[in-house]
2 protein chains.
Amino acid sequence: MRANYKLKRLFVDAPISAGLAIAAEKEQSHYLLTVLRMEPGAELLLFNGRDGEWRARLESPAKKKAVLVPLELERAQPPAPDLVFCFAPIKAGRLDWMVEKAVEMGAGVIQPVMTQFTQNTRLNPDKMQAWILEAAEQCGVLAIPELANATKLDDLLERWDLSRHLVFCDEDSATDNPAAILATLKGERLGLLVGPEGGFSDDERETLRAKPFVTAIPLGPRILRADTAAVAALTAVQMVCGDWGNRS
Amino acid sequence: MRANYKLKRLFVDAPISAGLAIAAEKEQSHYLLTVLRMEPGAELLLFNGRDGEWRARLESPAKKKAVLVPLELERAQPPAPDLVFCFAPIKAGRLDWMVEKAVEMGAGVIQPVMTQFTQNTRLNPDKMQAWILEAAEQCGVLAIPELANATKLDDLLERWDLSRHLVFCDEDSATDNPAAILATLKGERLGLLVGPEGGFSDDERETLRAKPFVTAIPLGPRILRADTAAVAALTAVQMVCGDWGNRS
């Protein structure tokens with residue numbers, strides 16, 4: 001079932017079941033009652049990453065205090081998408097966007113990777129987690145992607161689960177179109193690796209290409225910024241061998 | 001020939017030919033000499049949207065004054081991409097990103113369209129033009145997309161060039177995958193229309209679907225923000241029937 005995009009959607013860090021009232025956190029109460037000016041009795045959607053998506057009624061037993069009463073299951077909890085999105089963190093101001101896009105495009109795991117040209121090596125996991133939840137709220141994603149600890153590229157490759165194939169975006173490909181290459185990976189469990197602004201170093205590219213579980217893909221004839229490459233690569237992967245094909 | 005991504009690339013609003021020195025504008029001089037601290041004799045790339053891309057030498061005949069001497073043609077001027085990118089302007093702070101992405105992804109014309117749910121109706125064409133040039137500099141795009149005047153959706157459809165097919169992104173499609181639909185449009189001249197946050201109204205969707213030159217495509221099973229939808233749709237179109245297939 002597709003997401004309802006008329007009602008406001010809210011993440012709650014509590015079990016959800018019919019009739020079991022949930023006290024909204026202070027910030028959420030402020031957001032619902034003061035920012036959105038929602039009235040008691042109004043409906044919204046709740047999810048917690050485990051219990052599916054619930055239609056709920058807003059109540060406000062005291063001023064500035066919101067309580068959410070789950071009414072009915074709207075969408076069952078789907079399995080987490082089986083796509084590991086690995087990316088070199090780009091500079092602040094674009095990083096939030098990149099994380100948001102990974103959630104929207106169906107990443108199951110969000111894995112920051114430090115490469116030679118990675119500019120942003122000081123990550124704030126709490127902030128990243130907040131971006132992930134916000135994107136899930138915004139876009140109706142119920143299976144919240146897992147945020148993995150940042151790792152060096154070498155370590156990522158060393159510890160890579162060999163039952164999973166890793167696709168990386170390489171500017172130096174012999175073709176422009178990833179479709180034919182991706183079609184050979186249909187049915188495989190996949191990871192996707194997007195480099196930093198400036199791309200991978202020659203060493204890194206060589207290391208990656210030498211791994212039997214790694215495949216390089218091109219992303220068209222133009223140079224793409226890292227954030228564009230992320231969305232373009234996620235689109236290509238989802239379209240050719242991912243969950244865009246489940247209902248086609 | 002693919003773009004050189006080692007050298008700094010600069011747009012100049014002047015004819016470029018070998019040996020004909022070009023005085024950099026004041027802001028550009030500041031950028032090259034003070035921000036980037038480039039030394040006289042350093043090389044960079046110049047383009048003007050007409051004469052291809054030139055390797056050039058920086059000179060600085062006076063303090064804070066840069067002059068650029070074109071040395072050699074690096075890439076011939078390509079034809080403008082034949083893709084009309086129509087989009088409902090989203091809120092400031094995300095709009096620049098959307099314009100930048102359209103340039104990177106190979107739009108030939110960038111056409112703002114006012115729809116019923118369009119939030120941002122006050123556009124600054126000078127700013128948009130600056131974003132376009134900046135994205136072209138950054139991403140090695142030599143054929144600078146044309147920025148069209150904003151138009152209402154009804155007018156866009158009324159004056160639409162009927163030799164061109166218009167693809168629009170519709171959340172209410174019966175499938176999730178645009179590949180099969182796009183494959184039927186291979187070889188057609190194309191326009192792409194991306195709606196605002198909140199999507200098209202039911203009326204607009206009905207009007208669009210009734211036009212013989214319009215085809216709706218889905219963009220996967222998740223709700224996408226308008227800026228994500230733009231990049232995802234451009235990727236799908238370029239991959240299945242656009243210029244990602246020229247060298248495949």
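Chain letters run A, B, ... following the sequence lines, proteins first and then strands; every chain starts at 1.
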Is chain B contacted by the side chain of A:Ala232, its backbone, both, or neither, given a heavy-atom distance below 4.5 Å? both
Is A:Glu188 atom CD crowded by more than 12 heavy atoms from other residues, nucleotides or ligands, each under 6.0 Å away? yes
Does atom CD (B:Glu134) have a neighbourhood of more than 12 heavy atoms from anything else shown, all under 6.0 Å? no
If we check side-chain contact (heavy atoms from CB on, under 4.5 Å) with B:Val231, which of these qualifies: A:Thr228, A:Leu234, A:Leu224, A:Asp227? A:Thr228
Looking at A:Leu142, A:Asp243, A:Val103, which one forms a side-chain contact (heavy atoms from CB on, under 4.5 Å) with B:Arg222? A:Asp243
Which of residues 105-115 of chain B get closer than 4.5 angstrom to chain A, counting heavy atoms alone? B:Met105, B:Gly106
Determine whether B:Trp244 and A:Leu219 satisfy the following criterion, side chain to side chain contact (heavy atoms under 4.5 Å, CB included), listing intermediate values before the conclusion. CA-CA 7 Å; B:Trp244 285 26; A:Leu219 290 174; 4.0 Å; yes
Scored by heavy-atom pairs under 4.5 Å with chain B, the best of A:Pro178, A:Pro218, A:Gly199 is A:Pro178
Is any side-chain heavy atom of B:Met239 closer than 4.5 Å to one of A:Val240? yes
Which one of B:Arg225, B:Arg94, B:Gln238 has the most heavy-atom pairs closer than 4.5 Å to chain A? B:Arg225
